[in-house]
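Small disclaimer: the values here were computed from a predicted structure and weren't measured. Below, chains carry the letters A, B, ... as their sequence lines are ordered, and counting in each starts from 1.
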Amino acid sequence: MIASVAFRKFKALRKTQVALLPFNLVIGPNGSGKTSLIESLLRLRTLAPLPQATARRDKSAPEGPQITFKFEPPHDALTALISCTSEEVCNLLEIHPPEAADWPALRTRLALIRGYVLDHSVMGAPAKREDGASLASDGHNLAAVLARMSTAAPDEFSALTAHLLRIMPEFHSLELVTHPDGRVEFGLRLAEDGLLTAAELSQGMLYLLAILTLAFDPAPPPLLCIEEVDRGIHPRTLREIRDALYRLSYPKSFGLQRAPVQIVATTHSPYLIDQFREHPEEIVISQKHGRAARFERLSDRADLPELLREGSLGDMWFSGILGGVPDEP
Amino acid sequence: MNVAVLSESPADEAALRFLVGAVLGRPPRLVAPGFRARGWPNVAQVLPAVIRHLHFNTDAQLLAVVVDADDSVVHGRSHDTPGYFHPHCRMCQLRAVFRQTNKKIARSPRPHASAGGVLRGVGVAVPAVEGWYLCGRDDSVTESAWVAGQESGYRPYSRAELKLRVYGTDRPSLPLQIECALREIERHRRDTRRLEYDFPGFAALADDVRAAGRNQSEGRLAP
């Protein structure tokens with residue numbers, strides 16, 4: 001959906017841009033702008049449904065922070081610009097051309113962008129059944145989303161369950177229980193009997209289930225941002241995480257007919273990075289120099305094929321050869 | 001026979017288990033869990049530790065290892081000359097690791113003495129294991145075709161093309177990868193000669209597995 005994002009003086013992103021593919025895994029040291037990239041997309045989501053601002057930038061004022069978005073066809077003639085009217089207020093969205101006929105359609109889609117920083121401490125809690133329209137940004141309504149999926153989209157729910165049980169063969173079924181107060185809770189029944197309630201599940205299990213819930217969402221958003229997508233997951237299971245994300249971004253590869261979901265995910269896991277050896281173009285490295293950072297596509301490195309003969313992508317990244325590592329004194 | 005497997009993915013592991021059984025003519029008893037490496041050169045890096053672990057802590061009799069050749073030098077007959085070692089050939093490198101590690105631990109008594117030493121089973125898939133999967137289905141895919149391509153500078157296919165031919169997509173899910181791998185190698189269940197002829201990197205593995213099987217049947221290894 002979004003073709004590129006260009007930054008000027010936005011936090012650590014002083015002057016850089018990144019072209020976005022269907023799937024994008026952003027890596028780099030802390031404070032290098034990974035979250036700022038996601039924040040910019042979520043800011044666009046927030047501002048897009050609002051009426052276009054009538055205020056205009058003060059062109060005589062010093063240049064402030066600015067984020068420029070370009071879009072994939074059929075919206076490639078449009079540009080969205082978020083800039084600041086003052087040092088404190090950075091919420092002016094301008095569309096070029098201002099009267100673009102396709103802006104209403106695009107803004108409707110932009111409003112559907114979702115961002116996730118999943119939190120295991122809330123994902124296991126019972127949730128109101130009516131709150132299950134879409135997974136909340138911290139995943140606190142996971143039980144409600146699963147309950148809604150089980151009735152509104154039973155095929156997807158069955159597929160999700162089958163997928164989960166294949167990865168975690170110690171379990172027999174995913175079960176939903178409705179409390180007298182109307183809240184719903186989920187649990188996993190062990191193959192050897194006994195039910196583990198959501199509160200008893202491990203952190204990693206909750207993260208895995210949340211990612212699979214997104215992957216099997218019957219009505220996924222056009223763009224999904226996920227922070228630390230590998231969090232809590234065993235390195236050997238990261239292939240399943242990659243597959244779940246590819247299911248969203250490349251539905252045809254999974255025999256699905258729906259539109260692709262664009263994904264921007266971040267990680268610090270060399271093991272997850274290893275999963276993209278065949279598609280290094282999907283990795284964006286945030287290079288930090290001092291307090292400023294810029295984005296680079298891994299596939300832009302001319303010597304990448306030679307490097308890959310010598311070691312894994314994750315090792316290459318950790319070693320510093322690819323950049324995207326913290327400065328050291 | 002007690003067989004341990006070291007591979008790069010669960011799909012490779014499933015195929016390797018099947019192929020070892022096909023060569024032996026009976027299903028092996030597998031040492032669990034399967035050992036996993038993160039691609040080359042990680043396989044060579046973890047291999048000594050895996051051999052040591054198997055030697056001291058398990059009753060494994062054979063360790064089967066398969067890696068993709070990628071763009072490395074393909075093992076040739078000249079490499080089998082006694083004392084020869086090609087530094088850029090993955091078969092030579094893995095065999096050397098086996099040799100050196102077994103030499104170091106040979107003096108230490110093995111708790112499972114009846115198992116003998118941990119025997120070598122090394123195969124190299126040229127250029128990738130998907131080549132093996134296409135054997136018998138796509139005549140243009142052979143180890144000699146790849147080597148000829150290396151020599152002429154014109155590769156007959158890429159690794160990505162092989163994946164596309166096997167899986168129908170360049171981003172297969174793990175279940176699809178396993179399903180396709182097992183479906184394709186089913187052709188070799190009763191007779192692996194075609195696979196051995198077209199892919200000497202597999203024939204080397206088959207020879208190792210047969211040698212281990214002979215050791216066992218001659219009473220040098222526990223059944």
Side-chain angles (χ1 to χ4, degrees), chain A residues 21-23 159 162-167 169 212 215-216 234-256 260 263 269-282 299 304-319, chain B residues 5-14 32-46 67-74 87-90 93 124 126-130 150 155 158-181:
Chain A
L21 301 179
F23 182 85
H163 200 91
L164 177 71
L165 299 180
R166 182 181 56 74
I167 300 171
L212 291 180
F216 286 86
H234 189 281
R236 281 201 184 190
T237 311
L238 290 175
R239 167 65 191 271
E240 302 286 356
I241 296 296
R242 189 201 73 174
D243 285 356
L245 300 175
Y246 272 173
R247 190 178 200 277
L248 288 164
S249 291
Y250 299 97
K252 278 187 183 171
S253 290
F254 291 75
L256 303 170
I263 290 181
S269 167
Y271 299 105
L272 181 60
I273 295 166
D274 282 344
Q275 302 296 327
F276 295 87
R277 181 186 176 89
E278 305 288 340
H279 293 283
E281 74 279 6
E282 292 174 339
S299 52
L304 185 64
E306 285 73 31
L307 288 175
L308 285 176
R309 279 181 209 153
E310 306 298 331
S312 71
L313 267 182
D315 285 344
M316 292 289 161
W317 174 56
F318 182 81
S319 73
Chain B
V5 168
L6 172 61
S7 62
E8 296 181 31
S9 77
D12 291 2
E13 183 178 319
F35 299 99
R36 203 70 48 74
R38 297 159 52 213
W40 190 266
N42 188 242
V43 178
Q45 289 162 353
V46 302
V67 297
D68 289 349
D70 298 324
D71 295 317
S72 64
V73 172
V74 175
H88 300 301
C89 164
R90 293 183 181 180
Q93 287 173 273
V124 177
V126 178
V129 75
E130 284 77 15
Q150 278 186 323
R155 298 276 162 80
S158 66
R159 285 163 49 86
E161 284 167 355
L162 293 182
K163 285 186 187 298
L164 206 56
R165 290 185 208 181
V166 173
Y167 309 118
T169 168
D170 60 348
R171 290 178 177 82
S173 68
L174 184 56
L176 176 67
Q177 221 174 330
I178 293 174
E179 179 193 323
C180 292

Asker: So which atom in Pro41(B) and which in Gly311(A) form the shortest heavy-atom distance, rounded to 0.1 Å?
Answerer: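 Between these two residues, the closest heavy atoms are CD-CA, 3.2 Å.
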Asker: Arg171(B) and side-chain contact (heavy atoms from CB on, under 4.5 Å): which partner among Arg242(A), Glu278(A), Glu282(A)?
Answerer: Glu282(A)
Asker: Go through the steps for Arg38(B) and Asp315(A) under the test salt bridge (charged side-chain N to carboxylate O under 4.0 Å, His left out), then give the verdict.
Answerer: CA-CA 10 Å; Arg38(B) 297 159 52 213; Asp315(A) 285 344; 3.3 Å; yes
Asker: Could you tell me which residues satisfy side chain to side chain contact (heavy atoms under 4.5 Å, CB included) with Asp68(B), sequence neighbours excluded, listed by chain and number?
Answerer: Asp70(B), Ala125(B), Ala128(B), Val129(B), Arg159(B)
Asker: Can you name the salt bridge (Lys or Arg N to Asp or Glu O under 4.0 Å) partners of Glu310(A), sequence neighbours left out?
Answerer: none
Asker: Quick check on the interface: out of Thr169(B), Asn42(B), Leu176(B), who has the most heavy-atom pairs with chain A under 4.5 Å?
Answerer: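 Between Thr169(B), Asn42(B), Leu176(B), the count favours Thr169(B).
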Asker: Any side-chain to backbone donor/acceptor pair from Asp243(A) onto Ser173(B)? Under 3.5 Å, distance only.
Answerer: no
Asker: With only heavy atoms counted, which part of Arg309(A) is less than 4.5 Å from chain B, the side chain, the backbone, both or neither?
Answerer: both
Asker: Count the heavy-atom pairs under 4.5 Å between each of Glu240(A), Arg166(A), Arg236(A), His163(A) and chain B, then report the option with the highest count.
Answerer: Arg236(A)
Asker: So if I take each residue of residues 6-13 of chain B and look for any heavy atom under 4.5 Å from a heavy atom in chain A, which residues do I end up with?
Answerer: none
Asker: With a cut-off of 6.0 Å (strictly less than), are more than 12 heavy atoms of other residues, nucleotides or ligands near CZ of Phe318(A)?
Answerer: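 Open.
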Asker: Kindly check if the number of other-residue, nucleotide or ligand heavy atoms within 6.0 Å of CZ (Phe276(A)) is above 12?
Answerer: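 Above 12, so yes.
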Asker: Can you name the residues of residues 244-253 of chain A that have some heavy atom under 4.5 Å away from a heavy atom in chain B?
Answerer: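 The stretch touches chain B at Tyr246(A), Tyr250(A), Ser253(A).
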Asker: Enter the distance from Asp71(B):CG to Glu306(A):CD here, rounded to the nearest 0.5 Å.
Answerer: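 Rounded to the nearest 0.5 Å, the CG-CD separation comes to 9.0 Å.
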